[in-house]
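This structure is a prediction, so every number in the text was calculated from the model and none was measured. By convention in this document, chain letters (A, B, ...) are assigned in the order of the sequence lines, proteins followed by strands, and residues within each chain are numbered from 1.
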Amino acid sequence: MSKTALRPPRGMRDFYPDDFRRRAWLFDHFRTVGQSFAFEEVDAPMLEHAELFTRKAGEEIVDQLYHFELHDRHLALRPEMTPSIARMVIAQAGSLRMPVRWFTVTQNWRYERMTRGRKREHFQWNMDVWGEPSVTAEAELIAAIFSLLDQVGLPRGEVKIRINSRALLEETLRKGVLAQRPEAFAPLCVVIDKLDKIGADAVIDQLTDSEGAVGLDETSAREVVGLLQLRDLDEAARHAPAGSHAFEELKRLFSLLEAYGVREDVIFDASVVRGLAYYTGIVFEAFDAAGTLRAICGGGRYDNLAQTLGGKPIPAVGFGFGDVVLGELLSDKGLWPELPRCVDDLIFPFGESEREAAIQIATRLRGQGRRVELILDSPKLKRAMIDANRIGAQRIWMLGPDEISRGHAKVRELATGKESEEPINPD
RNA sequence: GUGGGCAUAGCUCAGCUGGUUAGAGCACCGGAUUGUGAUUCCGGGGGUCGGGGGUUCAAGUCCCCUUGUCCACCCCA
């Protein structure tokens, strides 16, 4: 066996018991929040037809897919959950009571360069609403995100959510610099998504690149970048067409979020457009207030996806929330809780002649729903006590020849040191 | 893909300009007289110094290659 084969592939993780308890703790919160919003949990295959993903995002993502061909089928590990959910909704659209509210907790894969907060395999909590065109759905989803953040112990203010509307930007630009060429809007979004990363000058360079898909003149490009600097909703509205529907929706969303009690932690930010091609309306992303990490989660409205995939049009909105960046944030803030093993009873037979009685006790207690570790080897009592202490057991049951002859086990409460006798076979 | 840092025990690391047999803390295992947890004390196991090649009387230390990892950029959710 080569040395590399003894390690997980790059970007993949092992979960040892300590890691797994954290993961389970986090997933529990994902599920608790999903259920508390009355969303239903669903799942789909982790392996899908590669076409499900390539169709939506174009050819570039093929390079990031874990994919292979087998028996003339081209299959891929899912890089995100939305296409699979869309597939499921489309398949049963006729019988589903809309709006559909579903959530998932799934593993996803994406072959790309690793950086902090990004691996090649991660778990993602997804919540989606299908069949609801109004921003009541967005508000509910954003409220769910804050609910999760509350649950994991992040104080309000540590995480903010930036919100924008692609629809508002599109309306504004069609009135002005893109009046003659609406088709340039999508590539324009791709360029301006980079504003934070490459800076205004580089964005203007790309927008004015005569070889590029956007091809604005410099004055127009500066105007666009200027629009992205807006952080005041009313000011953004003044640039939009009169009676803008997108603006009304944004305003309604913010007022709904006020009712949810999260208005303080959401920000209008005209530069948020998100990278995925299928977003059509409201887009949002959560980030740590210090701004040191990648986005914690992100989502938006994708009203055209169902139709793009070959179904009837169904409006939809959702978000994906990964486990990695949130985990980094909890580590940075020292907010991971102590997650001890939860063993109730440790059963210790001094010798093999007491094992049968030990098994009877263990079986009975397990039947009562207690978590019971039966000592399998033959350590000294001191060793067993240390172990009991370490795993956080409440009680240790000691069984020696004396106890057997009296039909009782000696039971010690670890916390108090108090010892008592319990019958081996109570009736 | 580009540039840089790091790689020594299970973990975190020390090891000065090359120089005896590579260390510490924690962890692990054992003991401190009969079947009882903490602290303490004593003892123990464990390292191809990431891998390969080179320079040298001598390499953990210097050089080259390689693999892994982290950071920044690039790219992208």
Side-chain angles (χ1 to χ4, degrees), chain A residues 2-13 16 18 53 56-65 78-83 108-122 124 126 162 189-199 202 206 272-279 283-287 292-300 302 318-322 324-325 328 346 348-351 354 375 377-404 409-420:
Chain A
S2 71
K3 219 166 182 179
T4 48
L6 282 173
R7 282 192 290 259
R10 187 198 290 263
M12 309 287 168
R13 292 172 290 173
Y16 286 89
D18 288 347
F53 307 116
K56 173 183 67 63
E59 290 304 306
E60 280 186 356
I61 201 169
V62 173
D63 295 333
Q64 296 194 328
L65 279 180
R78 58 188 175 204
E80 56 161 333
M81 213 46 206
T82 307
N108 300 82
W109 293 265
R110 193 180 286 257
Y111 187 86
E112 62 185 343
R113 200 160 304 284
M114 284 180 60
T115 58
R116 184 175 188 205
R118 172 160 297 188
K119 302 184 180 305
R120 289 179 175 177
E121 154 272 322
H122 71 136
Q124 198 176 59
N126 239 98
R162 285 194 280 245
C189 282
V190 172
V191 173
I192 63 181
D193 184 48
K194 303 174 190 166
L195 185 66
D196 273 356
K197 298 141 195 162
I198 63 179
Q206 294 194 18
V272 172
V273 294
R274 310 283 306 156
L276 287 176
Y278 51 62
Y279 288 127
V283 284
F284 54 88
E285 63 190 19
F287 61 98
T292 55
L293 300 171
R294 290 174 166 275
I296 293 165
C297 71
Y302 45 96
F319 67 81
F321 192 125
V324 180
V325 177
E328 299 270 3
L346 190 70
F348 176 69
F350 279 95
E354 292 84 38
I375 299 280
D377 53 355
S378 309
K380 297 196 169 176
L381 177 58
K382 177 179 177 174
R383 177 81 264 162
M385 295 290 290
I386 292 170
D387 284 344
N389 207 41
R390 175 164 30 207
I391 64 180
Q394 294 169 19
R395 310 185 293 189
I396 180 167
W397 295 58
M398 291 167 276
L399 282 160
D402 293 352
E403 285 79 12
I404 296 291
K410 190 189 277 186
V411 180
R412 182 182 177 91
E413 300 279 338
L414 271 298
T416 61
K418 233 173 66 179
E419 294 189 352
S420 59

Which atom of [X] lies closest to which atom of [Y], heavy atoms considered:
X: A/Tyr302; Y: A/Tyr278; value: CB-O, 3.3 Å
X: A/Arg120; Y: A/Glu112; value: NE-O, 2.7 Å
X: A/Val324; Y: A/Arg118; value: CG1-N, 4.2 Å
X: A/Phe53; Y: A/Pro83; value: CD2-CG, 3.8 Å
X: A/Val272; Y: A/Arg162; value: CG2-CB, 3.6 Å

For a 4.5 angstrom cut-off between non-hydrogen side-chain atoms, does [X] reach [Y]?
X: A/Phe287; Y: A/Leu293; value: no
X: A/Lys119; Y: A/Met12; value: no
X: A/His122; Y: A/Arg13; value: yes
X: A/Phe348; Y: A/Pro379; value: yes

Considering only the [atom1] atoms, how many Å lie between [N] and [M], rounded to the nearest integer?
N: B/C42; M: B/G35; atom1: C1'; value: 24 Å
N: B/U34; M: B/G47; atom1: C1'; value: 40 Å
N: B/G15; M: B/A7; atom1: P; value: 10 Å
N: B/C63; M: B/C6; atom1: P; value: 11 Å
N: B/C71; M: B/U61; atom1: P; value: 26 Å
N: B/A22; M: B/C49; atom1: C1'; value: 8 Å
N: B/U56; M: B/U66; atom1: C1'; value: 23 Å
N: B/U48; M: B/A9; atom1: P; value: 9 Å

Q: Mind checking the CG-OG1 spacing from A/Asn126 to A/Thr82? Nearest 0.5 Å is all I need.
A: 5.0 Å
Q | 5' priority, RNA chain B, between A/Ala286 and A/Gly400 [closest heavy atom] | A | A/Gly400
When the distance from [atom1] of [X] to [atom2] of [N] is rounded to whole Å, what number comes out?
X: A/Ile396; N: B/G35; atom1: CD1; atom2: P; answer: 14 Å
X: A/Tyr111; N: B/G1; atom1: OH; atom2: C1'; answer: 12 Å
X: A/Arg294; N: B/C74; atom1: CZ; atom2: C1'; answer: 12 Å
X: A/Glu403; N: B/U36; atom1: CD; atom2: C1'; answer: 12 Å
X: A/Gln64; N: B/G1; atom1: CD; atom2: C1'; answer: 14 Å
X: A/Ile375; N: B/G35; atom1: CD1; atom2: P; answer: 16 Å
X: A/Met114; N: B/C73; atom1: CE; atom2: P; answer: 16 Å
X: A/Asp18; N: B/G10; atom1: CG; atom2: P; answer: 18 Å

Looking at [X], does any N or O in its side chain come under 4.0 Å of the phosphate oxygens OP1/OP2 on [N]?
X: A/Arg10; N: B/U67; answer: no
X: A/Arg390; N: B/C28; answer: yes
X: A/Lys380; N: B/G31; answer: yes
X: A/Arg383; N: B/G35; answer: no

(Q) Taking side-chain contact (heavy atoms from CB on, under 4.5 Å) as the definition, give me every residue that meets it alongside A/Gln394, ordered by chain and number, with sequence neighbours left out. (A) A/Asp344, A/Arg370
Q) Going 5' to 3' along nucleotides 37-46 of chain B, which nucleotides have protein heavy atoms under 4.0 Å from the base (write B), which only from the sugar-phosphate (write S), and which from neither (write -)? A) BS--------
Would you indicate what [X] reaches in the nucleic acid, counting non-hydrogen atoms under 4.0 angstrom: base, sugar-phosphate, or nothing?
X: A/Asp402; value: base
X: A/Ala295; value: base
X: A/Arg116; value: sugar-phosphate
X: A/Gln124; value: nothing

**Q.** Nucleotide pairing, RNA chain B (Watson-Crick or G-U, distances under 3.5 Å), in dot-bracket with [ ] and |
**A.** (((((((..((((.....[...)))).(((((.......))))).....(((((..]....))))))))))))....
